[in-house]
*Asks:* 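I'd like to ask you about the structure that follows.
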Amino acid sequence: MTESVELSELIGVLDAAYPPRLAESWDSVGLVCGDPGDPVSRVMFAVDATAGVVDEAIAWGAQALVVHHPLLLRGVDTVAANTPKGALLHRLIRNGCALFTAHTNADSADPGVSDALAKTLGIAVTGPLNPKPAAAVDEWAIQVPHEHSDALLAALFAAGAGGTDNYRDCCFRTPGTGQFRPVDGANPAVGEVGSLERVAEDRIEVIAPPSARAAVLAALHAAHPFESPAFHVTERAALPSGLGLGRVGELPRPESLRDFTAHVRAALPGTAWGVRAAGDPDRTIRTVAVCGGAGDSLLNTVSRLGVDAYVTADLRHHPADEHLRAGGPALIDAAHWATEFPWCAQAADILRAALPTVETRVCTLRTDPWTLGAADA
């Protein structure tokens, strides 16, 4: 049974699946228009917010349209209704339909755009093509008298420490005995100058993002009873993760480039662009790299990995030619829209699993800009 939720709940699900922090610095992701407090019971997914897609979303009664490509990416100084993009925004707002974008954050998420492409092509993913390491974190180890531990922890948590993934107020406490001897010039909170002092203390360990160092340090000094707290900070190295652009994987069984190209063509939605390949048609393909959308910036990466073929979109003449001259993997070039379209079903599935009362639909309208193709055999 369809039951509405607040738009903010939908945003929470999508931001968890496709964290905005994964977006490239030049990108524009998230809510474009809509009130987070508005009710949502129908959500449509598409690659692009074109006039046809907006028409279909409104006709279906969607209260939210989720797209991959940002409608407003480059510099915009007007959304007037007499401009093409402004007209779409006005139509969406007037009809109570929010617009939300997940772009390069969905490209680097796990699972993300290239996982959906690999699944469509029957490729078993083994990892990212261009990995994005998990963010580095600081580990703070602090010694504090036992009776002050709770107050110190509260201050550290308020400053941004103690959080990881979906957990907050995290720490590890170890009881022990601290020892110190104040010397001339000290103003000890416990003990006397010149005397050795032993205090029942806790060793508190918390993690925090490096960006919170100043706030955590200030909180430590403000909440700790000692004028010179004993502590140290260690930065954990950025660790490998499943995040990053593109994916690498294996086919269920080897096949020729000719057959694999035909397989890609059959698996992806049809476009005027079609699917084209570069390389020896009889070359055996076992390992494959994929990147949904424009992927010629990763040609050097796929060459270093030594895969047999690379499936992506928008390959240009000179980079492809130089890649092949250098002995790189075979290339399969499909339409940009077609390589990203499988993501729509992935995103719809994620939303449906989290908010089962919300009705979802994937817009099958082809938004690839190319409308006619003609090629020699």
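We're numbering straight along the sequence, starting at 1.
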*Asks:* Would you say that P39 contacts E6 through its side chain, given a criterion of any heavy-atom pair below 4.5 Å between the two side chains?
*Replies:*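 Result no, sub-4.5 Å side-chain heavy-atom pair not found.
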*Asks:* Okay, side chain of H69, backbone of A102: is any donor-acceptor separation there less than 3.5 Å?
*Replies:*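 It does not hold such a pair.
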*Asks:* Would you mind reporting whether V311 and L121 have side-chain heavy atoms less than 4.5 Å apart?
*Replies:*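 They are in contact (side-chain heavy atoms under 4.5 Å apart), so the answer is yes.
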*Asks:* Is there a donor-acceptor contact under 3.5 Å from the side chain of D308 to the main chain of R286?
*Replies:*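 Yes, because the side chain of D308 sits within donor-acceptor range (under 3.5 Å) of the backbone of R286.
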*Asks:* Any donor and acceptor pair, going by atom type alone, linking the side chain of K85 with main-chain N or O of V79 inside 3.5 Å?
*Replies:*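 No, because the side chain of K85 does not come within donor-acceptor range (under 3.5 Å) of the backbone of V79.
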*Asks:* Is any side-chain heavy atom of V144 less than 4.5 Å from a side-chain heavy atom of F231?
*Replies:*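 A side-chain contact is absent here, since even the closest heavy-atom pair is not under 4.5 Å.
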*Asks:* Under the criterion side-chain contact (heavy atoms from CB on, under 4.5 Å), I'd like the reasoning laid out for L10 against L14: C-alpha separation, chi angles, the key distance, then a yes or no.
*Replies:* CA-CA 6 Å; L10 180 149; L14 294 175; 3.4 Å; yes
*Asks:* Spell out, yes or no, whether V125 and L251 are grouped together once hydrophobic residues are joined by side-chain heavy atoms under 4.5 Å, including indirect joins.
*Replies:*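 Different clusters.
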*Asks:* Scan side-chain atoms only and decide if Q63 and S41 contain a donor-acceptor pair under the 3.5 Å cut-off.
*Replies:*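 Q63 vs S41: donor-acceptor pair found between side chains.
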*Asks:* Under the 3.5 angstrom rule, does the side chain of N95 hit a backbone N or O of R91 as a donor-acceptor pair?
*Replies:*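 Looks like yes, one N/O pair under 3.5 Å.
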*Asks:* To the nearest 0.5 Å, tell me how far L298 CG sits from C291 SG.
*Replies:*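 Those atoms lie 5.0 Å apart.
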*Asks:* For residues V32 and V67: do they belong to one hydrophobic cluster (side chain heavy atoms under 4.5 Å, members Ile, Leu, Val, Met, Phe, Trp, Tyr)?
*Replies:*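 Yes; tracing contacts between hydrophobic side chains, which count when under 4.5 Å, links both residues.
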*Asks:* Can a salt bridge be assigned to the pair R253 and E255 using a cut-off of 4.0 Å between side-chain N and carboxylate O?
*Replies:*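 Between E255 and R253 there is no salt bridge, as every charged N stays at least 4.0 Å from the carboxylate O atoms.
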*Asks:* For F180 and F226, take the angle between the two ring planes, folded into 0 to 90°, and tell me which bin it lands in: parallel under 30, tilted 30 to 60, perpendicular over 60.
*Replies:*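 Correct class here is perpendicular.
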*Asks:* With a 4.5 Å heavy-atom cut-off, do L7 and D35 have their side chains touching?
*Replies:*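 Answer no - side chains too far apart.
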*Asks:* Any chance the side chains of T301 and N130 put a donor and an acceptor closer than 3.5 Å?
*Replies:*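 No.
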*Asks:* With no hydrogens and no angle check, is any side-chain donor or acceptor of D115 less than 3.5 Å from a backbone partner on G112?
*Replies:*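 A pair under 3.5 Å: yes.
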*Asks:* How far does CD of E205 sit from CD1 of I142, to the nearest 0.5 angstrom?
*Replies:*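 The CD1 atom of I142 is 10.0 Å from CD of E205, to the nearest 0.5 Å.
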*Asks:* Does the T360 side chain pair with the main chain of V43, one donor and one acceptor, at a distance under 3.5 Å?
*Replies:*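 Side chain of T360 to backbone of V43: no pair is present.
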*Asks:* Any side-chain to backbone donor/acceptor pair from D349 onto A347? Under 3.5 Å, distance only.
*Replies:*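 Here the side-chain-to-backbone pair does not exist.
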*Asks:* In the structure I gave you, are the side-chain heavy atoms of L220 and L156 within less than 4.5 Å of one another anywhere?
*Replies:*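 Contact flag for L220/L156 side chains = yes.
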*Asks:* Output the distance between atom CZ (F45) and atom CD1 (I350), rounded to the nearest 0.5 Å.
*Replies:*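 Reported to 0.5 Å precision, the distance equals 9.0 Å.
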*Asks:* If you count the non-hydrogen atoms of other residues, nucleotides and ligands that lie under 6.0 Å from CH2 in W60, is the total more than 12?
*Replies:*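 Correct, the count exceeds 12.
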*Asks:* For the CE atom of M44 and the CG atom of L99, what is their distance to the nearest 0.5 Å?
*Replies:*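 One gets 13.0 Å once the value is rounded to the nearest 0.5 Å.
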*Asks:* Quick check: closest heavy atoms across L88 and A49, and the distance to 0.1 Å?
*Replies:*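 That closest heavy-atom pairing would be CD1-O, 3.2 Å.
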*Asks:* Is V113 reachable from I123 through a run of hydrophobic residues whose side-chain heavy atoms are each under 4.5 Å from the next?
*Replies:*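 As far as the 4.5 Å side-chain criterion goes, V113 and I123 are not connected within one cluster.
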*Asks:* Is there a path of hydrophobic side-chain contacts, each under 4.5 Å between heavy atoms, that joins F100 and I93?
*Replies:*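 In one cluster: no.
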*Asks:* Which pair of heavy atoms, one from A109 and one from L22, lies closest together, and at what distance?
*Replies:*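 Here A109 and L22 meet closest at CA-CD1, 3.8 Å.
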*Asks:* Tell me whether H232 at atom NE2 has more than 12 heavy atoms from other residues, nucleotides or ligands lying less than 6.0 Å away.
*Replies:*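 Check passes, neighbour count above 12.
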*Asks:* Where is the tightest heavy-atom contact between A189 and P225, given as atom of each residue plus distance?
*Replies:*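 Heavy atoms of A189 and P225 come nearest at CB-O, 3.4 Å.
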*Asks:* To the closest 0.5 Å, what do you measure between CD (E9) and OG (S4)?
*Replies:*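 Between atom CD of E9 and atom OG of S4 there are 9.0 Å.
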*Asks:* Can you check whether D282's main-chain N or O pairs, donor with acceptor, with D280's side chain at less than 3.5 Å?
*Replies:*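 Yes, the answer is positive, given that a donor and an acceptor are paired below the 3.5 Å cut-off.
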*Asks:* Looking at R366 and W337, what are the two nearest heavy atoms and their distance?
*Replies:*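 Taking every non-hydrogen atom into account, CG-CZ3, 3.6 Å.
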*Asks:* To check you understand the geometry: which heavy-atom pair defines the closest contact between A294 and D314, and what is its length?
*Replies:*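 Residues A294 and D314, closest heavy atoms: CB-OD2, 3.6 Å.
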*Asks:* Could you check I207 against C170 for side-chain contact (heavy atoms from CB on, under 4.5 Å), going step by step and ending with a plain yes or no?
*Replies:* CA-CA 8 Å; I207 62 171; C170 305; over 6 Å; no
*Asks:* Given the rule in the side-chain contact (heavy atoms from CB on, under 4.5 Å) test, do T104 and W26 qualify, once you have shown the distances and angles that lead to the verdict?
*Replies:* CA-CA 10 Å; T104 53; W26 50 262; 3.6 Å; yes
*Asks:* Considering only heavy atoms from C-beta outward, does the side chain of H221 approach that of P229 to under 4.5 Å?
*Replies:*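 Yes. Closest side-chain heavy atoms under 4.5 Å.
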*Asks:* If you count every heavy atom of other residues, nucleotides or ligands that lies below 6.0 Å from E192 atom CD, does the total exceed 12?
*Replies:*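 Count not over threshold, so no.
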*Asks:* When rounded to the nearest 0.5 angstrom, what is the spacing between CG in L31 and CG in D15?
*Replies:*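 Atom-to-atom, L31:CG and D15:CG are 9.5 Å apart.
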*Asks:* T101 side chain to V29 main-chain N or O, any donor-acceptor pair under 3.5 Å?
*Replies:*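 No.
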*Asks:* Classify the ring geometry of W343 against H68: parallel below 30°, tilted from 30° to 60°, perpendicular beyond 60°.
*Replies:*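 Rings of W343 and H68: tilted, 30 to 60°.
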*Asks:* In terms of side-chain geometry, is the basic nitrogen of R316 or E322 positioned less than 4.0 Å from the acidic oxygen of its partner?
*Replies:*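 No, R316 and E322 are not salt-bridged.
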*Asks:* Going through the checks in order, is the side-chain contact (heavy atoms from CB on, under 4.5 Å) test met by I204 and F172?
*Replies:* CA-CA 6 Å; I204 292 174; F172 188 80; over 6 Å; no
*Asks:* I want to check something: taking the side chain as every heavy atom from C-beta on, are V190 and E197 in contact at a cut-off of under 4.5 Å?
*Replies:*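 Yes; the side chains approach each other to less than 4.5 Å.
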*Asks:* Decide whether Q179 and R198 meet the rule of one side-chain donor and one side-chain acceptor closer than 3.5 Å.
*Replies:*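 On atom types as modelled, these side chains qualify, holding a pair under 3.5 Å.
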*Asks:* Taking all non-hydrogen atoms of both residues, which atom of C33 and which atom of L89 are closest, and how far apart?
*Replies:*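 Scanning both residues completely, I find the closest heavy atoms to be SG-CD2, 4.0 Å.
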*Asks:* So with a 6.0 Å cut-off around NE2 of H146, is the heavy-atom count from everything else above 12?
*Replies:*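 No - once you tally the heavy atoms of other residues, nucleotides and ligands closer than 6.0 Å, there are 12 at most.
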*Asks:* Would you indicate whether N300, at its atom CG, is surrounded by more than 12 heavy atoms from other residues, nucleotides or ligands within a distance under 6.0 Å?
*Replies:*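 Atom CG in N300 is not packed in, count stays at 12 or less.
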*Asks:* Is any side-chain heavy atom of V288 closer than 4.5 Å to one of V307?
*Replies:*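 In short, these two side chains do not touch, never coming nearer than 4.5 Å.
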*Asks:* So, for H224 and H148, is the gap between ring centers shorter than 6.0 Å?
*Replies:*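 No, too far apart.
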*Asks:* Using the salt bridge (charged side-chain N to carboxylate O under 4.0 Å, His left out) rule, take R361 and E359 through it: C-alpha gap first, then chi angles, then the decisive distance, then the call.
*Replies:* CA-CA 7 Å; R361 176 188 286 189; E359 191 175 354; 5.9 Å; no
*Asks:* Looking at T312, L299, V302, which one forms a side chain to side chain contact (heavy atoms under 4.5 Å, CB included) with L331?
*Replies:*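 The residue from T312, L299, V302 that satisfies side chain to side chain contact (heavy atoms under 4.5 Å, CB included) with L331 turns out to be L299.
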*Asks:* Just checking R325: does its CZ atom have more than 12 heavy atoms from other residues, nucleotides or ligands closer to it than 6.0 angstrom?
*Replies:*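 Atom CZ in R325 is not crowded, with 12 or fewer foreign heavy atoms closer than 6.0 Å.
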*Asks:* Please check if the side chain of T339 supplies one atom and the backbone of G293 the other of a donor-acceptor pair under 3.5 Å.
*Replies:*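 Indeed, once roles are kept as given, a pair shorter than 3.5 Å links the two residues.
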*Asks:* Should Y18 and V40 be counted in the same cluster of Ile, Leu, Val, Met, Phe, Trp and Tyr side chains packed under 4.5 Å apart?
*Replies:*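 Yes; tracing contacts between hydrophobic side chains, which count when under 4.5 Å, links both residues.
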